[in-house]
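Take a look at the structure below.
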Amino acid sequence: MHKAFRLVGRRALSLSRYSQEASQTQFFLPSVSYPVKACSPVYQCLPQGFASSADNSKLDQALKKALDSHDAQQLLQVVERQGKEFRETDVISAFTSMAKWKDSAGNSDVLHSKPFQTLVDMVIMGLKRFSNSELTSVIKAAGTLQFDDDMLLDRTSQQLMLSVNKMSAEELYNLATGLADLEHSPSVVLFDAIQDRAAQVSEDFSPEQKKDLEKAYQKLEYDHETISKALPDKK
């Protein structure tokens, strides 16, 4: 069995419960009236869309303290207590920050906790509201954490499939290497799309990134010869 955590049945049940709760207390209000791109930064959005900076001062303070502590358990306590107040940026920041801290990767106390499951559900429920950069950073973080959740990875990949042709080199790198870290192969269609886009932005990859990408393609068990040709200056 692969060393990464694989969650399927539990995730489906958890997401179902979360969906029921979300219908009563929305984490993200409908984007029809207040699309994410209409509010930058998110703190300045109208009250109907997101809480103002003043309304979220306690949340901001709690998140800053938790993030500064580099303690996953402290951050998860904030998720548990104030998760319903989270903005999209808070969700991404919380998820990706834990991947940077020691003792988080492969830690069942963290990855199997209810607050972390809730955080993952927030990502899934709000997929259409996140940017390519945010979603690919989630995939990369999941790989670092060794959190192999089929629903998170597959649904996020499906959402990203819609705009692979617009991805930057950094986004492609995070997507491919994140999936490879979990040995979670994307669909052939997505892989081909990554390959085509990688060829278009080949000059934007660093030599080290090109080496990492080739290793990622091999780990995902796809034919990487075309990819290698699309990434010149490989040493």
Side-chain angles (χ1 to χ4, degrees), residues 4-29 36 42 50-51 56 58-131 133-160 174-175 178-179 181-182 184:
F5 290 95
R6 299 190 65 83
L7 302 176
V8 184
R10 183 182 302 177
R11 163 64 53 241
L13 177 60
S14 175
L15 184 61
S16 175
R17 290 175 177 172
Y18 173 85
S19 299
Q20 294 175 3
E21 293 178 1
S23 65
Q24 299 175 357
T25 54
Q26 298 178 351
F27 285 96
F28 305 127
L29 297 186
V36 177
V42 72
F50 297 100
N56 281 300
K58 291 184 178 180
L59 172 61
D60 292 335
Q61 293 173 8
L63 279 173
K64 183 178 186 307
K65 182 177 180 180
L67 292 172
D68 289 345
S69 73
H70 290 196
D71 184 336
Q73 293 298 341
Q74 185 170 333
L75 179 56
L76 290 175
Q77 288 178 5
V78 178
V79 176
E80 184 173 24
R81 296 170 183 170
Q82 298 173 267
K84 293 180 181 179
E85 302 172 42
F86 273 30
R87 297 146 296 194
E88 286 96 328
T89 51
D90 300 328
V91 174
I92 300 301
S93 177
F95 192 99
T96 58
S97 292
M98 280 188 280
K100 302 173 184 177
W101 303 338
K102 63 179 182 178
D103 302 327
S104 291
N107 187 335
S108 60
D109 290 337
V110 172
L111 304 182
H112 286 173
S113 68
K114 183 177 179 180
F116 187 81
Q117 300 293 320
T118 298
L119 192 62
V120 174
D121 289 341
M122 288 182 187
V123 174
I124 296 174
M125 293 296 292
L127 280 175
K128 294 182 179 180
R129 312 219 27 173
F130 298 116
S131 66
S133 177
E134 291 170 328
L135 291 181
T136 54
S137 69
V138 165
I139 295 289
K140 183 63 175 177
T144 302
L145 289 168
Q146 285 297 289
F147 183 70
D148 192 357
D149 182 309
D150 286 341
M151 187 172 290
L152 172 66
L153 299 176
D154 293 340
R155 291 199 178 183
T156 302
S157 295
Q158 289 171 6
Q159 179 63 32
L160 289 169
N174 286 339
L175 176 57
L179 291 173
D181 286 341
L182 296 169
H184 190 101

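Here the structure is a predicted model, which means the values were calculated and not measured.
- For Asp154, the side-chain hydrogen bond (donor to acceptor under 3.5 Å, both in side chains) criterion is met by His184, not counting sequence neighbours.
- Nearest heavy atoms, Trp101 versus Leu75: CH2-CD2, 3.8 Å.
- With Ser104 contributing its side chain and Met98 its backbone, the two residues share a donor-acceptor pair below 3.5 Å.
- The shortest non-hydrogen separation linking Thr96 to Val138 is CG2-N, 4.3 Å.
- Using a cutoff of 4.0 Å between basic side-chain nitrogens and carboxylate oxygens, Asp68 and Lys64 are scored as salt-bridged.
- Here Lys102 does not pair with Asp71 in a salt bridge; the nearest charged N to carboxylate O distance is not below 4.0 Å.
- Side-chain atoms of Ser97 never come within 3.5 Å of backbone atoms of Ala94 as a donor-acceptor pair (strictly under, hydrogens ignored).
- Using a 4.5 Å heavy-atom threshold, the side chains of Leu111 and Gln146 count as separate.
- Looking at heavy atoms from C-beta onward, Arg87 lies in side-chain contact with Asp90 at the 4.5 angstrom threshold.
- Using a 4.5 Å cut-off on side-chain heavy atoms (C-beta onward), Phe130 and Thr156 make no contact.
- Looking at Ser93, its side chain never comes within 3.5 Å of a backbone N or O of Thr89 through a donor-acceptor pair.
- Leu179 contributes atom CG, which lies 5.0 Å from atom OG of Ser157 (distance to the nearest 0.5 angstrom).
- Between Leu182 and Gly143, the shortest heavy-atom distance links the atoms CG-CA, 3.7 Å.
- Sequence neighbours left out, not one pair with a member in residues 73-82 passes salt bridge (Lys or Arg N to Asp or Glu O under 4.0 Å).
- Distance alone, capped at 3.5 Å, is enough to place a donor-acceptor pair between the Glu134 side chain and the Ser131 backbone.
- When all heavy atoms of Leu145 and Phe116 are compared, the pair lying nearest together is CD1-CZ, 4.1 Å.
- The closest side-chain heavy-atom distance from Leu152 to Asp121 is not below 4.5 Å.
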